[in-house]
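Working notes, structure below.
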Amino acid sequence: MCGIAGLIYKNSTTVLEESLKKMTDKMSHRGPDAEGFFVYQSLGLGHRRLSIIDVSESANQPFFLEDKLVLVFNGAIYNYIEIREELKQNGYSFKTTSDTEVLINSYDFWGEECVNKFNGMWSFAIYDKKANKLFCSRDRFGVKPFYYYSDKDQFIFASEIKPILEIQKIENVNLQVLLQYLIINISDQTNETFFENILKLPGSHNLVYDLNTNEFNIYKYYDIKFKEEINKLNLQESIDVFEKEFENSVKIRLRSDVKIGSALSGGTDSSYMVSVASKFLSESDQIEKFTAVTVGSVDEKTDESGMASLTTQVLNINHDIIMPKEDEFKDTFEEVIFKHEEPFGGIAVYMQKFLMKETNSLGIKVLLDGQGADEILLGYNRYTAAYLRNHGIVSNIKFLSHVKSHYDISILQGLKIYYYFSNFFVRKLWLKKRGQILKDKYFNTIDFSSTKRLTKSYKKIFELQKNEIFWCQLPELLKWEDKNSMSYSVETRLPYLDYNFVETCLSINNHYKIRNGWSKYLLRKNLEKYLPDQITYNRRKIGFDAPVDHWWPRSEKILEIINDSKIIQQISKKKFTFIADRDLEWRLYNIAVWERLYNMKIK
């Protein structure tokens, strides 16, 4: 993993290398192994490198192809070996064993269509000297970030927001994003950020900047395909194709020249991922170098370390458990808010931060993680609403009778979820109740169009899943994952988000995904081969839940910080004396601290 940065002056001013260095210095944690710069008149590119594949200096960046192409690249092309062989057959030769060299040669051969050849995660920019353009791309699901800012004088891009702020001071908050975060509890419904005029290139999109005209266009190059032939498979065939595609995904993500580990909770997603990885690593005699890393909790209700230990004992793999203390949380409290650059969903983010810190201390540079499994396998209990919307009375009665088994919720809770998530009128009424804290003029400015679109998508499960993968759910999780992992120079790889596997899962008959009282039925059937029923058929779903009451107990100090915020004073009706909803309390508090750290204000 790496950090990339770029600067274009539209008035022909020459870019200074020291300006690029100011940007890349803000991302030194993303690439502690090397740095590099390229300046050509009004264009400048910068790079920080974390060496993963071909750790030699010959693979450092910016990477040049003769005198015609220059590349800065953040990510990993997992199928680079296969692509390199195809390029060799077409006359290309290679000086390194890196995926970076494969990427730049792929562009040289296929042009902008090269991204359709890649299986991986990426954010890159290629300066094409002959065409005098900058070709930028972000991977299909937006695993790797690409932020940019443009005005009449300059175009700036980077892997993080802070480098852009080094060149362009921005202190005005994007009010729409802030209000949606506060009331709807979603902040990634569009390509906007909390900073006014700083945008994100969405996943599955390319950006092409014409240096002759200083104009750029953005277009989508990928969408998830629904495969009818997979949808028609019977149950056993679906179980088999699920296993085959997931094994392909894990195997290709084990390619590395550095130490590999895996995140492991007590849940089925990470347990299956670790099981498959250990199978392949055992076959190649690499298992002794592999370690599963678990974050335990001082609160027994949220602690999964016991189940994780059972998994590692059965698989006979190395296991490391970190049990963060309250003092560790307090000591890094503001540091995490600053590193994340934008307000985030809750203190569970700190659990992931401790996981990445421990991973780094173990010398692990590549970490498998289970992000995306719930989105593609109908893992959240809100998918109850989608199931009920898409099936008849008999199926729905049967489903509700098993809903306690499926999602560990009661029939009444299932019906409440149905009416909330599938009916926009009901949903908006609830959000209006939450929005009572706001002055009317601010609540009335909230754009609910994306929420309405999401609610409508519950009519068709495939469309709902696409919506959550591209906009409403997954982008936030991936953003937090990237910030946490790269803060400790760790490259996380996500087997559940291999695009072939995603297309397979979304195409499989939905009756096979929730079956016989079990969610994620296909995964569990395959997990049976590795682990006992105690894990395979465990209904407890915790994830990265933090011990909130231990780390962040209610206090007058929290309310004082919220009430002292100028942003909150401006948008709220009154001072807060008690906030019953602790999630809402966190969002208000997070805004207050973020406002101070970045000197933000409402214009």
Contacts of Arg255 meeting salt bridge (Lys or Arg N to Asp or Glu O under 4.0 Å) (sequence neighbours excluded), chain-then-number -> Glu82
Hey, what do you get for CG (Asp139) to CD1 (Ile77), rounding to the nearest 0.5 Å? 8.5 Å
For Leu235, give me all partners under side-chain contact (heavy atoms from CB on, under 4.5 Å), at least two apart in sequence or on another chain. Ile239, Tyr512, Arg515, Tyr521, Leu522
For Asp240, give me all partners under side chain to side chain donor-acceptor pair (under 3.5 Å), at least two apart in sequence or on another chain. Gln236
Check whether more than 12 heavy atoms from other residues, nucleotides or ligands sit under 6.0 Å from atom CG of Asn316, and answer yes or no. no
Start with the C-alpha gap between Tyr407 and Tyr380, add the side-chain angles, then the distance that decides, and say whether side-chain contact (heavy atoms from CB on, under 4.5 Å) holds. CA-CA 7 Å; Tyr407 292 119; Tyr380 298 117; 6.0 Å; no
Output the distance between atom CG (Asp320) and atom OG (Ser361), rounded to the nearest 0.5 Å. 6.5 Å
My understanding is that only residues two or more places apart in sequence, or in another chain, count here; which of them pass ring-ring contact (aromatic ring centres under 6.0 Å, His included) with Phe338? Tyr598
Spacing of Thr294 atom OG1 and Ile321 atom CD1 [to the nearest 0.5 Å]: 5.5 Å
Is it true that Asp303 and Ser305 share a donor-acceptor pair across their side chains at a distance under 3.5 Å? yes
Contacts of type side-chain contact (heavy atoms from CB on, under 4.5 Å), residue Glu476, not counting sequence neighbours: Ser187, Asp188, Trp480
Is the shortest side-chain N to carboxylate O distance from Lys365 to Asp257 below 4.0 Å? no
Under the ring-ring contact (aromatic ring centres under 6.0 Å, His included) test, which residues partner Trp552, sequence neighbours left out? Trp586, Tyr589
NZ/NE/NH1/NH2 to OD/OE distance under 4.0 Å, Glu101 and Arg84: no
Could you label the plane-to-plane angle of the Phe64 and Phe38 rings as parallel, tilted or perpendicular, counting under 30° as parallel and over 60° as perpendicular? perpendicular
Looking at Tyr383, is Lys513 sitting on its ring face, NZ or CZ under 6.0 Å from the six-membered ring centre and within 45 degrees of the normal? no
Sequence neighbours excluded, the answer for side-chain contact (heavy atoms from CB on, under 4.5 Å) partners of Glu166 is Lys22, Lys26
Taking only residues two or more places apart in sequence, or in another chain, which ones meet Glu245 in a salt bridge (Lys or Arg N to Asp or Glu O under 4.0 Å)? none
What ring-ring contact (aromatic ring centres under 6.0 Å, His included) pairs are there with at least one residue in residues 236-276, not counting sequence neighbours? Phe242-Phe501, Phe246-Tyr272, Phe246-Tyr496, Phe246-Phe501
Does any pair with a residue in residues 107-121 pass side chain to side chain donor-acceptor pair (under 3.5 Å), and if so which ones, sequence neighbours excluded? Lys68-Asp108, Glu86-Lys117, Tyr92-Asp108, Tyr107-Asp128, Glu112-Lys133, Glu112-Tyr219, Glu113-Asn116, Asn119-Asp498
Below 6.0 angstrom between ring centroids: does that apply to Tyr499 and Phe141? no
Answer yes if the ring centres of Phe354 and Tyr350 are under 6.0 angstrom apart, and no otherwise. no
Taking atom CZ of Phe157 and atom OG of Ser159, what is their separation to the nearest 0.5 Å? 8.5 Å
Test of understanding: with side-chain contact (heavy atoms from CB on, under 4.5 Å), list the residues that count as partners of Asp285, not counting sequence neighbours. none
Atom OG1 in Thr504, atom NZ in Lys227: separation rounded to 0.5 Å? 5.0 Å
Any Lys/Arg nitrogen of Lys483 or Glu341 sitting under 4.0 Å from an Asp/Glu carboxylate oxygen of the other? yes
State whether Asp545 and Lys301 are salt-bridged, where the test is any N-O pair (Lys NZ or Arg NE/NH1/NH2 against Asp/Glu carboxylate O) under 4.0 Å. no
Give a yes/no verdict on a cation-pi contact between Arg140 and Tyr222, requiring under 6.0 Å between NZ or CZ and the six-membered ring centre and an angle within 45° of the axis. yes
Which residue pairs pass the side chain to side chain donor-acceptor pair (under 3.5 Å) test when at least one of the two sits in residues 324-340, sequence neighbours left out? Glu326-Lys330, Glu334-Arg596, Glu335-Lys339, His340-Asn484
